[in-house]
Amino acid sequence: MILVTGGAGYIGSHTCLELLEAGHEVLVLDNLSNASPEGLRRVERLTGKKVELVEGDLRDGAALERLFGSRRIEAVLHFAGLKSVGESVEQPLRYYDNNVAGTVKLLEAMGRHGVKRLVFSSSATVYGDPSRVPVTEDMPLSAANPYGRTKLIIEDMCREVFRADPSWRIALLRYFNPVGAHASGEIGEDPQGVPNNLMPFALQVAVGRRPVLNVFGGDWPTADGTGVRDYIHVVDLAKGHVAALAKLDALGGCVPLNLGTGRGVSVLELVAGLSRAVGRPVPHQVVARRAGDVASVFADPTRAAQLLGWRAELGLDAMCADSWRWQSQNPNGYAR
Ligand code: NAD
Ligand code: WQD
């Protein structure tokens, strides 16, 4: 069976669904610090298959020991982590403890039990402000905030673990900007408090929970002056994990892979796409730039295509239509 840490969360729950559809048995470890168990119940309903949810923390060595000691775990997909950039600036130690120390515990338990196959949720944030786009995996890495540094440290840790013991097989999946939801509208992203990211904020404006979307900067050196990113449908991303798992042994090492579409989309293009999906304009206004933002980041996804045989298939319209279906059917998310 596959152990999915953080499997109750946004990307994890979509990946559990695709794993089940691909015939894997799935075990989730999640402390529910940023998720509701309802998402996984819906995954079970959608697939007609069981997901075992163990409520526990990565940093709890005894809990990990029980988990690895009592199950035959083939590989680990490691999503569990805190992910808010702003919060990481205010509470850096909480991020190092949860993300870095938590991953140390996980890798220790894996090593002790001879489970040496890992797929890690890294991020395009490890490229910092890239010197050119599209971004390739060999470009220099840097961290602009504590959250990003936890991803960089964990990547470095994985590279060193592999160097010390080359029987490990590790995929470092660098996600670009995940958006969208399962086509059923039953599972999706359910942020707590004020959303930091563009799509969840725009959705809450579209559904009437917030009055207006602030567009951070209209004077970026981009075609329409707004920031450009590589939005990727979460179902494509989830399928990328299933592909990485299938190809993990063939990758033969500790390999970083961009998971993006290769296409840059501006804030205004995304707002236009969402407005089409909603059937009315999403109110927005251009305001000052947000501190720490960069003009344009999008992936070169060639390596993932070559090594995993995986490509993102869903475009902006599907991302917006599926996001809107989730948000309109569940205006208050899972209502935890
Ligand atoms: P999420 O918050 O929805 O999911 C993370 C899950 O991990 C949550 O269910 C949370 O309860 C759980 N968790 C956190 N700390 C834990 C701990 N110590 N022990 C056990 N469970 C714990 O976030 P997501 O968007 O699904 O992101 C999943 C992963 O992908 C994260 O590692 C994130 O950093 C990474 N990532 C996300 C994005 C994005 O924009 N969403 C982009 C790049 C990378
Ligand atoms: C996208 C664009 C904003 C909100 C962040 C993390 C990164 C990764 C993904 C995890 C930018 C603009 C946003 C709003 C706006 N997470 N925007 N109004 O900044 O590319 O990446 O999430 O690894 O680490 O930094 O994503 O969705 O916040 O912003 O105009 O209310 O939308 O300026 O151009 P970002 P985002």
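All ligand and atom numbering here is 1-based and tracks the order in the structure.
Only the side chain of V267 comes within 4.0 Å of ligand 2, counting heavy atoms alone; its backbone N, CA, C and O stay farther away. At a 4.0 Å heavy-atom cut-off, ligand 2 does not touch R289 at all.
Using a 4.0 Å heavy-atom cutoff, G102 is absent from the residues neighbouring ligand 1. Put simply, part of G56 is less than 4.0 Å from ligand 1, judged by heavy atoms. Look at K151 and you'll find a heavy atom under 4.0 Å from some atom of ligand 1. For R229, the heavy-atom gap to ligand 2 drops under 4.0 angstrom. Contact annotation: S122 has at least one heavy atom less than 4.0 Å from an atom of ligand 1. For Y147, the heavy-atom gap to ligand 2 drops under 4.0 angstrom.
The backbone N or O of T226 sits less than 3.5 Å from a side-chain atom of D224, completing a donor-acceptor pair. With hydrogens and angles disregarded, no donor-acceptor distance shorter than 3.5 Å links the side chain of N332 to the backbone of A335. The closest donor-acceptor contact from the side chain of K151 to the backbone of S121 lies under 3.5 Å. When atom types are taken as modelled, the side chain of R229 and the backbone of G264 share no donor-acceptor pair closer than 3.5 angstrom.
A tilted orientation is assigned to the rings of H14 and H182, their planes being inclined by 30° to 60°.
In this structure, the separation between CZ on R41 and OG on S36 is 6.5 Å, given to the nearest 0.5 Å. S13 OG to L53 CG: the interatomic distance, rounded to the nearest 0.5 Å, is 11.5 Å.
Judged by a 6.0 Å distance limit and a 45° cone about the ring axis, R210 is positioned over the six-membered ring of F201.
Close approach of ligand 1 to A35 (heavy-atom distance below 4.0 Å) involves ligand atoms 9 (O), 11 (O). Short contacts between ligand 1 and L32, defined as distances under 4.0 Å to a heavy atom of the residue, involve ligand atoms 11 (O). Atoms of ligand 2 lying under 4.0 Å from at least one heavy atom of D293, given by number and element, are 3 (C), 19 (O), 33 (O). Taking every non-hydrogen atom of G227 and a distance limit under 4.0 Å, the qualifying atoms of ligand 2 come out as 34 (O). The atoms of ligand 2 that sit less than 4.0 Å from any heavy atom of V85 are 6 (C), 25 (O). Remark: ligand 2 atoms within the under-4.0 Å shell around heavy atoms of N196 are 4 (C), 28 (O). With ligand atoms numbered from 1 in the order given, ligand 2 contributes 1 (C), 2 (C), 32 (O) to contacts under 4.0 Å with heavy atoms of Y231. For ligand 2, the atoms lying closer than 4.0 Å to a non-hydrogen atom of V215 are 30 (O). Of all atoms in ligand 2, listed by their number and element, those nearer than 4.0 Å to a heavy atom of T125 are 24 (O). The distance from ligand 2 to the heavy atoms of S123 drops below 4.0 Å at these ligand atoms: 10 (C), 23 (O), 24 (O). Of all atoms in ligand 1, numbered sequentially from 1 with element shown, those under 4.0 Å from a heavy atom of S121 are 29 (C), 30 (O), 32 (O), 35 (C).
Atom 19 (N) of ligand 1 has its nearest heavy-atom neighbour, among V4, L58, V234, in L58. With distances taken over non-hydrogen atoms, the option nearest atom 26 (O) of ligand 1 out of T150, I11, L64 is I11. Across the listed options F120, F79, Y10, F79 owns the non-hydrogen atom lying nearest to atom 28 (C) of ligand 1. When L198, N214, L213 are checked for heavy-atom proximity to atom 18 (N) of ligand 2, N214 turns out nearest.
Side-chain contact of Y127 with N258: a donor-acceptor pair under 3.5 Å is present, judged by distance alone. Side-chain contact check for E55 and N31: no donor-acceptor pair (N or O, by modelled atom type) lies under 3.5 Å. With no hydrogens or angles considered, a side-chain donor-acceptor pair links D230 and T261 at under 3.5 Å. E18 and H24 are not linked by any side-chain donor-acceptor pair at a separation below 3.5 angstrom, with hydrogens and angles left out of the test.
The nearest pair of heavy atoms linking V278 to A206 is CG2-CB, 4.0 Å. P130 approaches M139 most closely through the heavy-atom pair CB-CE, 3.9 Å. The two atoms that bring L259 and G240 nearest to each other are CD1-CA, 4.4 Å, heavy atoms only.
Atom 18 (N) of ligand 1 has as its closest protein heavy atom N98 OD1, 2.9 Å. At the shortest separation from atom 5 (C) of ligand 1 among protein heavy atoms lies G81 O, 3.8 Å. In terms of protein heavy-atom proximity, atom 17 (C) of ligand 1 is nearest to N31 ND2, 3.2 Å. Of the protein's non-hydrogen atoms, the one nearest atom 34 (O) of ligand 1 is Y147 OH, 2.7 Å. Scanning the protein for heavy atoms near atom 25 (O) of ligand 1, the closest one is K83 NZ, 2.8 Å. Of the protein's heavy atoms, P178 CD, 3.3 Å lies nearest to atom 40 (O) of ligand 1. For atom 12 (C) of ligand 1, the nearest protein heavy atom (residue, atom name, distance) is D30 OD1, 3.4 Å. Shortest contact from atom 2 (O) of ligand 1 to any protein heavy atom: N34 ND2, 2.7 Å.
Distances between N or O atoms of K83 and those of ligand 2 include no value under 3.5 Å. Between F216 and ligand 2, at least one pair of N/O atoms sits closer than 3.5 Å. Residue contacts with ligand 1: L82 is placed with no nitrogen or oxygen under 3.5 Å of a nitrogen or oxygen of the ligand (distance criterion only).
For Y175 and H241, the gap between ring centers is short of 6.0 Å. In this structure, W168 has its ring center no closer than 6.0 Å to that of F120.
Salt bridge R325/D322: present, at least one basic N to carboxylate O contact under 4.0 Å.
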